[in-house]
Amino acid sequence: MIQKSNFKKSIKNKNAKTITASQYLKEILNGNISYLSRAITLIESTNKNDKVKATNLIKSCLAYTNNSIRIGITGAPGVGKSTFIEALGTLLTSLNKKVAVLAIDPSSSVHKGSILGDKTRMDNLVNDKNAFIRPSPAGDSLGGVAHKTKEAIILCEAAGYDIILIETVGVGQSEVLVKSMVDFFLLLKISGAGDELQGIKRGIIEMADAIVINKADGENVKSANFAKNEFSRALHLYPQKENHWIPKVTTCSALNNHGIEEVWQIVLAFVQLTKSNNWFKNNRVNQNKNWLIQSINQQLQDDFYTHKKIKIELKKQIQNIENHESTPFEATQKLIALYRKK
Ligand code: GDP
């Protein structure tokens with residue numbers, strides 16, 4: 001819990017409201033973890049003044065994001081994501097890298113629970129001064145949560161974190177969102193009873209830059225190798241990726257720290273290839289372009305639904321639809337017209 005105690009020490013008497021964006025920037029660039037935590041809380045705030053400050057801060061941090069590697073890690077609950085992140089993160093800090101671990105939790109938009117909330121699952125990393133772990137922010141929508149995570153990436157990079165690991169539970173939309181903000185996307189699996197490809201969405205295989213079969217230890221070694229071959233065969237059926245990277249399949253035991261170094265070598269090979277063919281840079285630019293569109297959508301949505309008159313009229317229109325007095329199309333036209341008049 002190093003991060004928390006540092007935080008208390010350094011801004012104990014400082015009201016967060018009095019900290020300016022430039023003070024935040026200065027301290028973040030110095031690698032001050034307490035200010036970094038505070039700044040992430042700031043971007044998660046829905047207060048209007050905080051939002052303005054957060055926007056300025058993010059903008060000034062953007063210049064410092066170039067040397068990082070952003071890695072998305074997804075997998076079903078129980079495959080060993082936390083254990084894997086603990087192992088990979090510890091390897092990376094032993095190589096003198098600074099590692100930030102963030103999360104996008106689809107469930108946190110519904111209830112307040114969040115992955116990484118239980119940090120005790122990452123005992124080593126939590127106490128490692130070169131690691132920063134932040135649970136998934138809770139939010140009204142998955143898109144909103146993802147947006148905050150993207151901004152948190154920028155802040156972490158400005159604070160000098162070279163490797164950003166973003167964890168998500170492999171259910172539904174969250175993988176697509178994580179993919180849209182990382183350089184490298186890793187799918188963690190465990191071997192099953194020979195039906196490796198069953199129950200796995202085609203889209204996720206297509207997104208993966210590496211498939212890592214975890215828990216390849218003890219009696220599982222044989223089935224993990226079998227799964228590895230199955231996935232390798234399946235990946236051959238996909239067309240070549242635009243970045244010319246051929247996705248890799250490997251096995252590991254996060255628990256016993258086996259095969260983790262190999263995973264890191266795969267990431268390095270990917271970065272080397274995609275930097276040399278310029279995809280790495282172009283991909284980030286494209287991600288930013290998409291981010292712009294998403295951000296506009298999000299703000300328009302927020303603005304619309306929090307508008308006083310709209311709130312009242314929307315209730316009325318929903319009732320009209322229930323009573324068969326209006327059609328969705330008609331109701332939309334009315335609401336939009338009202339919004340435009342504001
Ligand atoms: P998550 O839900 O994906 O984050 O999974 P966890 O990291 O919490 O791991 C779920 C369970 O699998 C825990 O009991 C871990 O100890 C266990 N586990 C994780 N990695 C391995 C591994 O490589 N081998 C074995 N045998 N068990 C593992």
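As the structure lists them, so they are numbered: ligands from 1, and atoms in each ligand from 1. Predicted, not measured: the structure shown is a model, and the values here were computed from it.
A cation-pi arrangement is found for K248 relative to W245, the charged atom lying closer than 6.0 Å to the ring centre and inside a 45° cone about the ring normal.
In this structure the side chain of V263 reaches within 4.5 angstrom of the side chain of L186, judged on heavy atoms. Between V178 and F185, the closest side-chain pair of non-hydrogen atoms falls below 4.5 Å.
Of the candidates K215, E219, E86, the one placing a heavy atom closest to atom 17 (C) of ligand 1 is K215. Nearest-heavy-atom check against atom 19 (C) of ligand 1 across T83, V169, N220, N256 picks out T83. Counting only non-hydrogen atoms, the option in I213, T251, I190, L255 that gets closest to atom 16 (O) of ligand 1 is L255.
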Decide yes or no on salt bridge (Lys or Arg N to Asp or Glu O under 4.0 Å) for K316 and E325, but give the supporting numbers first. CA-CA 11 Å; K316 224 156 89 189; E325 287 164 4; over 6 Å; no

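For ligand 1, the polar-atom distance check finds no N/O of A216 at less than 3.5 Å from any of the ligand's N/O atoms. Backbone and side-chain nitrogen or oxygen atoms of C252 are examined, and none is located within less than 3.5 angstrom of a nitrogen or oxygen of ligand 1. For ligand 1, none of its N or O atoms has an N or O atom of P77 under 3.5 Å away.
Residues in residues 211-222 take part in these side chain to side chain donor-acceptor pair (under 3.5 Å) pairs, two or more places apart or across chains: D217-S253. Sorted by first and then second residue, the side chain to side chain donor-acceptor pair (under 3.5 Å) pairs with a member in residues 151-161 read S68-E157, R70-E157, H147-E151; sequence neighbours excluded.
Following chains of ILVMFWY side-chain contacts shorter than 4.5 Å, one can reach Y24 starting from Y64, so the two form part of one hydrophobic cluster.
Under a 4.0 Å criterion applied to the non-hydrogen atoms of K81, ligand 1 contributes the atoms 1 (P), 2 (O), 3 (O), 4 (O), 5 (O), 7 (O). Of all the atoms in ligand 1, the ones that sit under 4.0 Å from a non-hydrogen atom of D217 are 22 (C), 23 (O), 24 (N), 25 (C), 26 (N). In summary, the atoms of ligand 1 found under 4.0 Å from a heavy atom of S82, numbered by their order in the structure, are 4 (O), 7 (O).
Using a 4.0 Å heavy-atom cutoff, A254 is listed among the residues neighbouring ligand 1.
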